[in-house]
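The first residue in the sequence is number 1, and the count goes up from there.
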Amino acid sequence: MARGIGAIGGVAYIGVSFGLALACHRVNRQLFDDEVLTLSAIDGKSFVSLARFYLEGGDVHPPLSFLWFRLLQMFGLSLDIQRAISFALAAAAFALVLDLVWRRLPRRSPGPELLAMALFLGAPLLYGVGDALRWYPLFAFLIAASFWTIFNAGRPTIFAAILLGLAADTSYLAALPALAYLIWRYAIERRFDPLRDLLFWIVAAIVAAPGLISFFASHGLIGGQIATSPLTSLGTDLLGLAGGTILGVSQSAIAIPLAVVFILGLISAFAAPGKGHGGDLRGF
């Protein structure tokens, strides 16, 4: 595969974005409502009782993120340190995707690379919820790492399957990127390796078993997550992509154009023919 940002570039991206987050008081801010739910859910609970609660459908989320924060709590880490870890995971996810985007860009001039770096450093979603004591940062990292592994290897791998399965144990939304990859590989690229592909999906399903069990046990509660108006729910989710009420509605409105440009740029990079730095990502 062609050259991306590399390990040094990835570390630099995480460091600079972390500095920007600190400057904007994102990592050391006060708790918001959903974080209170996380902390109250894990308070005083054992790993076994936590896993049992979510596997039995006690909540609309799978168990992994709660077990993750219980582990951080067990080590006696302060909330600020836990936030820093969450932000590091989210920033690492953005760095992995940026690496893939760089590999798709033309080599004629550094302009597109610098623009991509600027867009990723200014991504509203990263600073809006990247440091959250919720499932979002862990989920983003697992999905990004899974896809980065697939594209980097040029084929579905066992490690990528494990990461995708863990993402499903973190959020049911893992079904969306899994479906996107399924369409990409089998409908668009029309590639199928019986051994590798079957093994990939089998391993992913096995690792995702806790999430699947939790989903079927809690499916009756999931409908309650949609407001009385589906359009209201959709609008709330779209606002959340720009930071939502965490940033403030007015700040989010200002950030929405940047979020739109960021998303369109990402789609454009992967929709273009695979000719970045002489490389070709097609066929994965």
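- Residue P62 comes nearest to S171 through the heavy atom pair CG-N, 3.5 Å, listed as atom of the first residue, atom of the second, then distance.
- Put simply, L22 and L20 are part of the same group of oily side chains (I, L, V, M, F, W, Y) that touch within less than 4.5 Å, one to the next.
- Considering OG1 of T170 and CH2 of W135, their distance stands at 9.5 Å, rounded to 0.5 Å.
- Residue I8 qualifies as open at atom CD1: its count of foreign heavy atoms under 6.0 Å is 12 or below.
- Rounding to the nearest 0.5 Å places CZ of F53 at 13.0 Å from CD1 of I42.
- In terms of hydrophobic clustering, with Ile, Leu, Val, Met, Phe, Trp and Tyr side chains grouped at heavy-atom distances under 4.5 Å, L179 and F139 are assigned to different clusters.
- The shortest side-chain heavy-atom distance between F147 and P177 falls under the 4.5 Å cut-off.
- In this structure, A167 and I143 approach most closely via the heavy-atom pair CB-CD1, 3.6 Å.
- Partners of L77 by side chain to side chain contact (heavy atoms under 4.5 Å, CB included), not counting sequence neighbours, listed by chain and number: L72, F75, I81, Q82, I85.
- Side-chain atoms of R52 and V48, non-hydrogen and from C-beta on, do get closer than 4.5 Å to each other.
- The side-chain hydrogen bond (donor to acceptor under 3.5 Å, both in side chains) check on D34 picks up Y136, with sequence neighbours excluded.
- Looking at D193 and F200, their side chains never come closer than 4.5 Å, going by heavy atoms from C-beta outward.
- With respect to D197 and R191, no salt bridge is recorded, no charged nitrogen being found less than 4.0 Å from a carboxylate O.
- There is a path of hydrophobic side-chain contacts, each under 4.5 Å, that joins L39 to V36.
- Between W184 and F151, the two ring planes are perpendicular [angle over 60°; tilted spans 30° to 60°].
- Applying the ring pair (Phe, Tyr, Trp, His ring centres under 6.0 Å) test to Y13 and every residue at least two apart in sequence or in another chain returns nothing.
- Evaluation of the ring pair (Phe, Tyr, Trp, His ring centres under 6.0 Å) rule for F69 yields no partner, not counting sequence neighbours.
- How far NZ of K45 is from CD of Q73: 10.0 Å, rounded to the nearest 0.5 Å.
- In plain terms, the two heavy atoms of L55 and P63 that are nearest each other are CD2-CG, 4.3 Å.
- T149 meets the side chain to side chain contact (heavy atoms under 4.5 Å, CB included) test with T157, F159, A160, L163; sequence neighbours excluded.
- Under the rule for a side chain to side chain contact (heavy atoms under 4.5 Å, CB included), the partners of A116 that lie at least two apart in sequence or sit in another chain are L98, V101, W102, L105.
- Taking each heavy atom of G211 and Y172 in turn, the nearest pair found is O-CE2, 3.4 Å.
- Residues satisfying the side-chain hydrogen bond (donor to acceptor under 3.5 Å, both in side chains) criterion with T38, sequence neighbours excluded, are R134.
- Taking every heavy atom of both residues into account, Y127 and L121 meet most closely at OH-O, 2.5 Å.
- As a member of the Ile/Leu/Val/Met/Phe/Trp/Tyr network built from side-chain separations under 4.5 Å, L37 groups with nothing else and remains a singleton.
- Pairing each heavy atom of E56 with each of A217, the nearest pair is C-CB, 3.7 Å.
- No side-chain heavy atom of L164 sits under 4.5 Å from any side-chain heavy atom of Y181.
- Under the side chain to side chain contact (heavy atoms under 4.5 Å, CB included) criterion, I158 pairs with I162, L199, V203, sequence neighbours left out.
- S46 is linked by a side-chain hydrogen bond (donor to acceptor under 3.5 Å, both in side chains) to S49, counting only residues two or more places apart in sequence or in another chain.
- With rounding to the nearest 0.5 Å, the separation of CG in L67 from CZ in F47 is 7.0 Å.
- Listed by first and then second residue, the salt bridge (Lys or Arg N to Asp or Glu O under 4.0 Å) pairs involving residues 63-85 are E35-R83, R83-D131 (not counting sequence neighbours).
- With D99 contributing its side chain and A95 its backbone, the two residues share no donor-acceptor pair below 3.5 Å.
- Judged purely by atom type and a 3.5 angstrom limit, S86 uses its side chain to pair as donor or acceptor with the backbone of A132.
- For F141, there are no ring pair (Phe, Tyr, Trp, His ring centres under 6.0 Å) partners two or more places apart in sequence or in a different chain.
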